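Notes for the one structure printed next.
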Amino acid sequence: MIKVDLKGTIREYEAGITAAEVAKSIGMGLYKSACAAKIDGEACDLRTPLSQDCALEILTFDDAEGKHAFWHTAAHVMAQAVQHLFPGAKFGIGPALENGWYYDIKADRPLSTSDFEAIEAEMKKLVKADEPIEKKFITVEEGRKIFAGQDYKLELLEEYAEKGWDLSIYQQGDFTDLCAGPHLMSTGALKAVKLTKVAAAYWRADASRDSLDRLYGIAFPKKAMLDDYLAMMEEAAKRDHRRLGKELELFTLLEEGPGFPFFLPKGMILKNELINYWREIHRKAGYQEISTPIMMNRSLWERSGHWDHYKNNMYTTVIDDTDFAIKPMNCPGGILVYQTQPRSYRDLPLRLGELGLVHRHELSGALHGLMRVRCFTQDDAHIFMTPAQIKDEIKGVVRLIDQVYSLFGFEYHIELSTMPEDHMGDISDWEVATDGLRSALEELGREYTVNEGDGAFYGPKLDFHLVDAIGRTWQCGTIQLDMQLPERFELEYVGEDGQKHRPVMIHRVVFGSIERFIGILIEHFAGAFPTWLAPVQAEIIPITERAHAYAAQLQDKLEAAGIRAESDTRSEKMGYKIREAQLKKIPYMLVVGDKEMEEGTVSVRARKEEKGGVMSVDAFIENTLAEIASKER
């Protein structure tokens, strides 16, 4: 008999029982909804036997790793369907993604969206057949026979064998794939499937190699869930920041600088308002702002570890026979600032904030509007402190992040990522750092989930995943504890005992990338920003040409008061002008004619209202300034 820990409840079973059978013993509801399992923290198939005492977690579609197994299985089913329709197809890789999956495939002709209906129909046949899925371990010789003619699979097989990895295959009916899993028990759980797009992708992301068709898809256990997802995606398309960014004249992306966004005048207003807000709250929270060079020499990046671990993502050049790199991160510069003078325990915590422009080389296929770029402004801060100050500093950063996300109406959840296998430093240091993060959250009463083994190599971290207006999740804020860079750079402070000590360092961002955060805000608000952020806060619309002079005077008065205003003096009908202002998402339209001129008033229409009210100019200014100052949503 073995003891199985089911989230704190201990049950005894005969050795050899599978995770699926344990799920069935708990209840048929859990058994039917189970997608995969976790044994002692490691994700695996439900068919995995339990041979000794262990902790077991049954993963359903509600769990991230359960979804991963579900979508990974769907990728195999799609590949099987393609194999039936295109018998000569060759298969690359087919991983699960955050939402759905993709599979890289080379058929006897290019695949397109016109093939989706036939592929989906074949997938539904395979789902209806509820084919059992089996896992087998193989030798490299067996693999060469199984995947004869499948060039991409054979390449992966040889690579995995050379690395000494266990080789395993998954089989369902007449389809076999080289895969580590985990997967579902059978194909029947994939009740609702949908292919979403196809794109070209080079094999192994190498432009000198074959171009394959990358088929993307999504699947759910229930049709209603698929319908909800497709409705969300339709809404997301309406909110696409790339389209709205162009329509609202915020930014542009040009061939002369792929991955390097150009911010237009209205976009710069939005960006600068965010930066002004950032500076305001950081000044109040005791941060000092610094600016470090955009380019520094190789020796710095070697010392920080970036030259060895991140060089392929860095832009480099040579100056006076010395290698230099454009910074991909701000932290080494912040460390050099710390080192500019001797530090005492009385100086700590030292909070240094930087809006640093960083550059990272991303593959062209990964670029996506403002969400994935090659150059962005990171709202970094580095806090240098004593070990005793860890908890209070973490609490301060959590409060700051909460303040920002609450302002924009984002709900969020926190994830604590712990020590990975390839960590640096002593385990005792990791325990101190992790306990500091955990206890700070618990004292603040914050709920969090633990992501075991997913910390950075230099320290544990907290990640903040915010939820936007249509339910999508974005990882933006992060707090990382680092005891390794202070060691590498031999940072010191003089303690109360008069001796030299090593400080602890926090890396943290709130917005993350300001450019990406702007993209998220565009989609979150569908371009209809709160008044304080709106590039144009009031559009003045004269009814007749006689009111043009009054409109100009009104615009001057609003701008003098600190309200961003424009006048639409085109010879168009008033209804057309109002509709244009609504499409531009301008918060307020001020309609003026003879009556308003005589009375010194404005007829106010809010962005989403058909009718407005008449008020004095001074009253409108007072109300709008109060709204801007409070940063109301």
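Everything numeric in this text was worked out from a predicted model, so none of it was measured.
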Measure across [X] and [Y] and return the closest heavy-atom pair with its distance rounded to 0.1 Å.
X: W301; Y: P332; value: CZ3-CG, 3.4 Å
X: I58; Y: A34; value: CG2-CB, 3.6 Å
X: H72; Y: A96; value: N-CB, 3.9 Å
X: C375; Y: F260; value: CB-CD2, 3.4 Å
X: G512; Y: D379; value: N-OD1, 2.8 Å
X: A79; Y: Y103; value: CB-CE1, 3.7 Å

Taking [Y]'s backbone N and O only, do any of them form a donor-acceptor pair with [X]'s side chain (distance below 3.5 Å, no angle check)?
X: T48; Y: C44; value: no
X: T478; Y: L462; value: yes
X: W101; Y: G94; value: no
X: K271; Y: F263; value: no
X: T18; Y: P49; value: no
X: D468; Y: G471; value: yes
X: R47; Y: I133; value: yes
X: D63; Y: T60; value: yes
X: K191; Y: G188; value: yes
X: D213; Y: K106; value: no

Distance only, no hydrogens: is a donor on one side chain within 3.5 Å (strictly under) of an acceptor on the other, for [X] and [Y]?
X: K327; Y: T292; value: yes
X: D104; Y: W203; value: no
X: D177; Y: H76; value: yes
X: N99; Y: Y229; value: no
X: Q80; Y: E122; value: no
X: H465; Y: T473; value: no
X: H507; Y: N330; value: no
X: E523; Y: H241; value: yes
X: T322; Y: D320; value: no
X: E515; Y: T377; value: yes

- Query: Given the rule in the salt bridge (charged side-chain N to carboxylate O under 4.0 Å, His left out) test, do R209 and E155 qualify, once you have shown the distances and angles that lead to the verdict?
  - Reply: CA-CA 13 Å; R209 306 199 64 184; E155 180 180 326; 2.7 Å; yes
- Query: Any idea how F408 and F410 line up, ring-wise: parallel (<30°), tilted (30 to 60°), or perpendicular (>60°)?
  - Reply: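 F408 and F410: tilted rings.
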With a sphere of 6.0 Å drawn around [atom1] of [X], does it hold more than 12 non-hydrogen atoms of other residues, nucleotides or ligands?
X: E234; atom1: CD; result: no
X: K153; atom1: NZ; result: yes
X: E247; atom1: CD; result: yes

Measure the [atom1]-[atom2] distance between [X] and [Y] for me, rounded to the nearest 0.5 Å.
X: H68; Y: T73; atom1: NE2; atom2: OG1; value: 10.0 Å
X: Q378; Y: F517; atom1: CD; atom2: CZ; value: 14.0 Å
X: L126; Y: D130; atom1: CG; atom2: CG; value: 11.0 Å
X: F324; Y: M295; atom1: CZ; atom2: CE; value: 8.0 Å
X: E134; Y: I169; atom1: CD; atom2: CD1; value: 9.5 Å

- Item | Single hit among Y202, F91, Y152 for side chain to side chain contact (heavy atoms under 4.5 Å, CB included) with L212 |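 The residue from Y202, F91, Y152 that satisfies side chain to side chain contact (heavy atoms under 4.5 Å, CB included) with L212 turns out to be Y152.
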- Query: Which of these, D463, I414, I401, sits in a side chain to side chain contact (heavy atoms under 4.5 Å, CB included) with I479?
  - Reply: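 It is I401, the one option of D463, I414, I401 that forms the side chain to side chain contact (heavy atoms under 4.5 Å, CB included) with I479.
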Would a 4.5 Å heavy-atom cut-off, applied to side chains only, mark [X] and [Y] as touching?
X: L357; Y: H359; value: yes
X: F137; Y: D166; value: yes
X: Y315; Y: H361; value: yes
X: F464; Y: C476; value: no
X: F86; Y: R109; value: yes
X: D227; Y: F220; value: no
X: L195; Y: Y216; value: no
X: D454; Y: T418; value: no

Between [Y] and [X], is there a salt bridge with N-O shorter than 4.0 Å?
X: R488; Y: E302; value: no
X: R144; Y: E158; value: yes
X: D206; Y: R204; value: no
X: E362; Y: R374; value: no
X: E159; Y: K163; value: yes
X: R239; Y: E235; value: yes
X: E42; Y: K38; value: no

- Message: Go through it in stages, so that I can follow the logic: the residues are Q171 and T176, the test is side chain to side chain contact (heavy atoms under 4.5 Å, CB included), and I'd like the CA-CA distance, side-chain angles, deciding distance and then a yes or no.
- Response: CA-CA 4 Å; Q171 292 179 307; T176 302; 3.4 Å; yes
- Task: Give the C-alpha distance, both sets of side-chain angles, the deciding distance and a yes or no for side chain to side chain contact (heavy atoms under 4.5 Å, CB included) between C331 and H382.
- Result: CA-CA 7 Å; C331 33; H382 298 100; 3.2 Å; yes
- Query: What do the steps show when you test D323 against N297 for side chain to side chain contact (heavy atoms under 4.5 Å, CB included), and what is the final call?
  - Reply: CA-CA 6 Å; D323 290 328; N297 68 29; over 6 Å; no
- Geometric cation-pi criterion, K67 with F61: 6.0 Å, 45°: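 Yes, cation above the ring, under 6.0 Å and within 45°.
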- Message: So, applying salt bridge (charged side-chain N to carboxylate O under 4.0 Å, His left out) with E249, which one of K584, K585, K266 is it?
- Response: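 The passing option is K266.
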- Can you check side chain to side chain contact (heavy atoms under 4.5 Å, CB included) on L97 and Y102, steps first, answer last? CA-CA 7 Å; L97 305 171; Y102 73 75; 3.7 Å; yes
